[in-house]
Asks: 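Encoded as structure tokens, here's the structure I'll be asking about.
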2 protein chains.
Amino acid sequence: MLAAAAVDLFYRQGATATTIREITQACGLTAGALYNHFASKEELLYTVVRDSHLNLDAAVVRELDSAGDPPAKLAAIVRVYVEQHARHRKSSRVANSEYGQLTGERRAEIVEIRRRLRDRVTDVLRAGERSGHFQLPGRDEATIVARAILDMCVHISAWFHEGQPLTTADLQDRYVTLALRMAGST
Amino acid sequence: MLAAAAVDLFYRQGATATTIREITQACGLTAGALYNHFASKEELLYTVVRDSHLNLDAAVVRELDSAGDPPAKLAAIVRVYVEQHARHRKSSRVANSEYGQLTGERRAEIVEIRRRLRDRVTDVLRAGERSGHFQLPGRDEATIVARAILDMCVHISAWFHEGQPLTTADLQDRYVTLALRMAGST
DNA sequence: GAACTGGATAAACAAGCGTTCATACAGTAG
DNA sequence: CTACTGTATGAACGCTTGTTTATCCAGTTC
């Protein structure tokens, strides 16, 4: 409940610009009540950001396992990313734009998850390059193309919202096509 | 000088998390001195954000005029975007991630510039679709493909920094290729 | 040299921040 | 009934925030 209110406010105003009193008031509580559930404002942000990243990572792993060749794997990843950033756009956007406010170990943990997520895409692109399924636009380009694909997928959360005429499923189809084209899928 | 220090701090910490005293201290001044140059913290942010947007817009218009067919125009836009977001990554990133903190008329002005920038890309994609240079992945997809291309270009500023082995010029070439592939350039 | 200007200062301001704490109260267990 | 746990409260804490103000000083202009 508190976490949900926090996501909503962080999404609209940014985490730094959002007040403990705003968050608790949105749940009909007073400021002090928050500290029965979270040790600090940063821990609350950390919880929200980590949950979003872990959900995404788990979904990617799940879909990756049940996909076959590199094009199928890339399509699966893109499908998951679009789904996550379209359907849970508030928490996803908070996760992506506010994780930098974390400090120390918490920040390091999130950065590590993000590196892992990026590597999964890079690995698929490299495998596809070797197998001849993909033709990337340069030498050792997998990391760059991975970043480009992820940037375009992640930032859906900044502008998309479900409704006429474009559904999440539509968006998934379009973005899979775009990603495969970027990879030079044959 | 003050604006440059502000860009640097906004880039590293976010605008809300950055203090007037931090900005002025970075220039060897005290807090009050800022108000000889800017009416408020928001006006300082506004100046920084607007300058970045206007520079980008001017560069896009200039290059667009001297490019021929739709593929050349799309390539020109991507070149400008990559250049701007790679070489001036701090101010670009601040412009893109902090403009939402502006309020009222100032915010409306920036939102309008951003819409115009997006429309320039959409128009090129539509023209290329009509002329047969492009084949977009669906019906009336120009707006979506435009967003995807811009998202991937803009967010270079979050991870790129000039150096070995990848130069800005390299990145421009790669991203032009990616964008043309996304548009289904023949 | 008098008048004016632009820009700097230290000090203060009210408001708001995240956080703590003593207290209270409802529900559950023994 | 008693003890305990979980959670809420309101008031306070010390600190920081953006901003204002009276004052000062170095140049420039006449």
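Quick note on labels: first sequence line is chain A, next is B, and so on, each numbered from 1.
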Asks: Let me know the distance between CD1 of B/Ile23 and C1' of D/dT19, rounded to the nearest Å.
Replies: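 B/Ile23 atom CD1 is separated from D/dT19 atom C1' by 14 Å.
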Asks: How does each nucleotide of nucleotides 7-18 of chain D score, in 5' to 3' order, for protein heavy atoms under 4.0 Å: base (B), sugar-phosphate only (S), or none (-)?
Replies: SBBS-B----BB
Asks: Which pairs with one or both residues in residues 38-48 of chain B pass side chain to side chain donor-acceptor pair (under 3.5 Å), sequence neighbours excluded?
Replies: B/Glu42-B/Thr103, B/Glu42-B/Arg106, B/Tyr46-B/Glu109
Asks: Among all residues two or more places apart in sequence or in another chain, which pass the side-chain contact (heavy atoms from CB on, under 4.5 Å) test with B/Ala6?
Replies: B/Phe10, B/Ile23, B/Leu44
Asks: For A/Leu64, run the side-chain contact (heavy atoms from CB on, under 4.5 Å) check against A/Leu74, A/Val80, A/Asp123, A/Ile77 and tell me which one passes.
Replies: A/Ile77
Asks: Nearest heavy-atom pair of A/Gln84 and A/Ser52: which atoms, and what distance?
Replies: NE2-O, 4.1 Å
Asks: What is the distance, to the nearest angstrom, from the CZ atom on A/Phe38 to the C1' atom on C/dT20?
Replies: 18 Å
Asks: Could you verify whether a donor N or O on one side chain and an acceptor N or O on the other, from B/Thr167 and B/Asp170, lie under 3.5 Å apart?
Replies: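 Side chains of B/Thr167 and B/Asp170: pair found under 3.5 Å.
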Asks: Round to the nearest Å and state the distance from B/Gln25 atom CD to C/dA8 atom C1'.
Replies: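 Going from B/Gln25 (CD) to C/dA8 (C1'), I get 15 Å.
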